[in-house]
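Data block below; observations after.
It should be emphasised that the depicted structure is a prediction, and the values quoted were computed from it without experimental measurement.
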Amino acid sequence: MKKLILSLFLLLSIVSCDDCSVACVTSPPVFYLELVDKVSGENLLTNGTYSESDISITNLEDQSEEVEFVFEEEDGVNLIYLYPGSEPGSVAYNFKIGSESIFNLFATLETRESDCCSTTVTTDFSIENAEYERDENTGNYKILIE
């Protein structure tokens, strides 16, 4: 009986603890983009139509600023990983293949506070000049390219 009472006491003290000394680790948003042929449904990076060196991303607010991205292969599919940062505000990017602009990406980032942690979340996301869909299973955005 003493062990049960002691266990309950310890459990209640842990649950009611508002100690924020435990590190809170949150990751900034990441956009996973897949360039897909609108007609065939094939990934245009995986099938070799385009390569990483063909793609450039610039900040629409500062045309001279190149935006870094990561080109990754995941489960046999090539994706572009784009990290918009963790600062709240709007992002606006132009994606080019060679010298041709293929689409613009817009997103709004907000900081959300909890008891001990804050995290940056995407509240708005849109793509202009191309159709797109979000794969609910993977979270990838499929950009449909003609």
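Using a 4.5 Å cut-off on side-chain heavy atoms (C-beta onward), Asn43 and Leu35 make no contact. Phe125 is listed as a side-chain neighbour of Ile127, based on a closest heavy-atom distance under 4.5 Å. With contacts defined as side-chain heavy-atom distances shorter than 4.5 Å, the pair Ile145/Leu44 qualifies.
Using a cutoff of 4.0 Å between basic side-chain nitrogens and carboxylate oxygens, Glu133 and Lys142 are not scored as salt-bridged.
Taken together through direct or relayed side-chain contacts under 4.5 Å among Ile, Leu, Val, Met, Phe, Trp and Tyr, Leu60 and Val91 form parts of separate hydrophobic clusters. If you chain together hydrophobic residues whose side chains sit under 4.5 Å apart, Val70 and Val30 fall into the same group. Residues Ile97 and Ile57 share a single hydrophobic cluster, defined by chaining ILVMFWY side chains whose heavy atoms lie under 4.5 Å apart.
Other residues, nucleotides and ligands contribute only 12 or fewer heavy atoms inside 6.0 Å of the CZ atom of Arg112. By the neighbour-count criterion of 12 heavy atoms within 6.0 Å, atom CD of Glu113 is densely surrounded, having more than that number from other residues, nucleotides or ligands.
Nearest heavy atoms, Glu66 versus Ser56: OE1-CB, 4.0 Å. Across all non-hydrogen atoms, the minimal contact from Pro29 to Gly85 is CD-O, 3.5 Å. Nearest heavy atoms, Glu68 versus Leu82: O-CD1, 3.6 Å. Taking each heavy atom of Lys96 and Ser101 in turn, the nearest pair found is CG-CA, 3.8 Å.
With rounding to the nearest 0.5 angstrom, the CD atom of Glu42 is 7.0 Å from the OG1 atom of Thr49.
With hydrogens and angles disregarded, no donor-acceptor distance shorter than 3.5 Å links the side chain of Thr58 to the backbone of Glu65. With Asp54 contributing its side chain and Ser51 its backbone, the two residues share a donor-acceptor pair below 3.5 Å. With hydrogens and angles disregarded, no donor-acceptor distance shorter than 3.5 Å links the side chain of Thr122 to the backbone of Asp124. Within the 3.5 Å criterion, the main-chain N or O of Gly76 finds a donor-acceptor partner in the side chain of Glu73. A donor-acceptor distance shorter than 3.5 angstrom exists from the side chain of Thr120 to the backbone of Ser86, with no hydrogens or angles considered.
For the pairing with Tyr32, the ring-ring contact (aromatic ring centres under 6.0 Å, His included) check across Tyr81, Phe69, Tyr83 returns one residue only, Tyr81. No option in Asn140, Leu45, Leu33 other than Asn140 meets the side chain to side chain contact (heavy atoms under 4.5 Å, CB included) test with Leu79.
Taking the six-membered ring for Trp and the full ring otherwise, the centers of Phe103 and Tyr132 sit at least 6.0 Å from each other.
Counted by atom type alone, Asn104 and Asn94 present one or more donor-acceptor pairs between their side chains at under 3.5 Å.
Through direct or indirect side-chain contacts shorter than 4.5 Å among Ile, Leu, Val, Met, Phe, Trp and Tyr, Leu144 is connected to Val36.
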Q: Show the numbers, then the answer: is there a ring pair (Phe, Tyr, Trp, His ring centres under 6.0 Å) between Phe106 and Tyr93?
A: CA-CA 7 Å; Phe106 301 94; Tyr93 301 135; 9.2 Å; no
Q) Going through the distances and angles, do Thr138 and Val77 end up as a side-chain contact (heavy atoms from CB on, under 4.5 Å)? A) CA-CA 12 Å; Thr138 63; Val77 175; over 6 Å; no
